[in-house]
Amino acid sequence: MRLDQFIANSTELSRKEAKRAIGRGEVTINEQICKGANTRLAGDERVALSGTPLSLPGERYLMMNKPAGVVSATTDSDHPTALDLLPAEITRHLHIAGRLDADTTGLLLLTTDGQWSHRVTSPRTDCPKTYRVTLNEPLSDAAAQQLERGVDLHNDPRPTRPARVHFLEDRIIELTISEGRYHQVKRMMAAVGNHVEALHRVRIGQVELDDALMPGEYRELTAEERDSLA
Ligand code: URA
């Protein structure tokens, strides 16, 4: 979609007014001023008008407290999916922004906005995800330091990016990572000789799982939560 069309569709401005705002340097793409009204958007850019992040109208942004046993997929012939937990009339074009394993619980984001979900999940945007990890044995200080520096994962040539470890209880930590590799937390714990017994995502960026949501419940994100991930 062209930039001026995107601005006209996502604000009250007409196409002509959108072009003028672009010409005045009021529009940024990925924090850089863009004065080309005919610039083509690939779909994953952060577009803002006078500093306010924009998204197309009619998009949906939800958080769910994912229960265990539910798969992060739109369809699955063998298991219930996160979308099965929502009323059918709101699931059109909805997809998951950052999957969780079937046995992982907690914060799952769902949206119709492909650009937004790309920003949440792209390793380039560095969006931190925090997990409460229950381990089968206490984490040593040495292991925590290894995780904070980055560890080598089995069958993966690149070490993990530095993570943050926060001790909660003897066998329970909060781990913050900014990547989303396959089974990443479980593999990181295996890399330091431990084992995950339970995994619960509590936060993505500044969006916290609403503790009023029981497992399987969902709510719309507030505009503030949505824009904090824009
Ligand atoms: N890391 C995992 O190992 N599993 C998840 O579900 C999420 C992160």
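Positions are given from 1, in the same order as the sequence printed here. Order of listing sets the numbers, starting from 1, for every ligand and every atom in it. What you see below is based on every heavy atom in this structure, not just the backbone, and it leaves out hydrogens, waters and symmetry mates.
- Atom 1 (N) of ligand 1 has its closest protein heavy atom at V185 N, 3.0 Å.
- Proximity to H183 (heavy-atom distance under 4.0 Å) selects the following atoms of ligand 1: 1 (N), 2 (C), 3 (O).
- Only side-chain heavy atoms of T104 come within less than 4.0 Å of ligand 1; its backbone N, CA, C and O stay farther off.
- The part of L199 lying near ligand 1 is the side chain, judged by heavy-atom distances below 4.0 Å.
- Sorted by first and then second residue, the ring-ring contact (aromatic ring centres under 6.0 Å, His included) pairs involving residues 197-226 (not counting sequence neighbours) form an empty list.
- At a 4.0 Å cut-off, not a single heavy atom of Y182 sits close enough to ligand 1 to count as contact.
- Contact atoms of ligand 1 toward Y131: 7 (C), 8 (C) (distance under 4.0 Å to a heavy atom of the residue).
- For the pair M1/L56, a side-chain contact is recorded, criterion being any heavy-atom separation below 4.5 Å from C-beta on.
- Contact check for L49 versus L13: side-chain heavy atoms found under the 4.5 Å cut-off.
- Using a 4.0 Å cut-off between charged side-chain N and carboxylate O, K186 and D101 make a salt bridge.
- A salt bridge is defined here as a Lys NZ or Arg NE, NH1 or NH2 lying under 4.0 Å from an Asp or Glu carboxylate O, and R171 with E197 meets this definition.
- Here's the thing with L100: none of its N/O atoms is less than 3.5 angstrom from an N/O atom of ligand 1.
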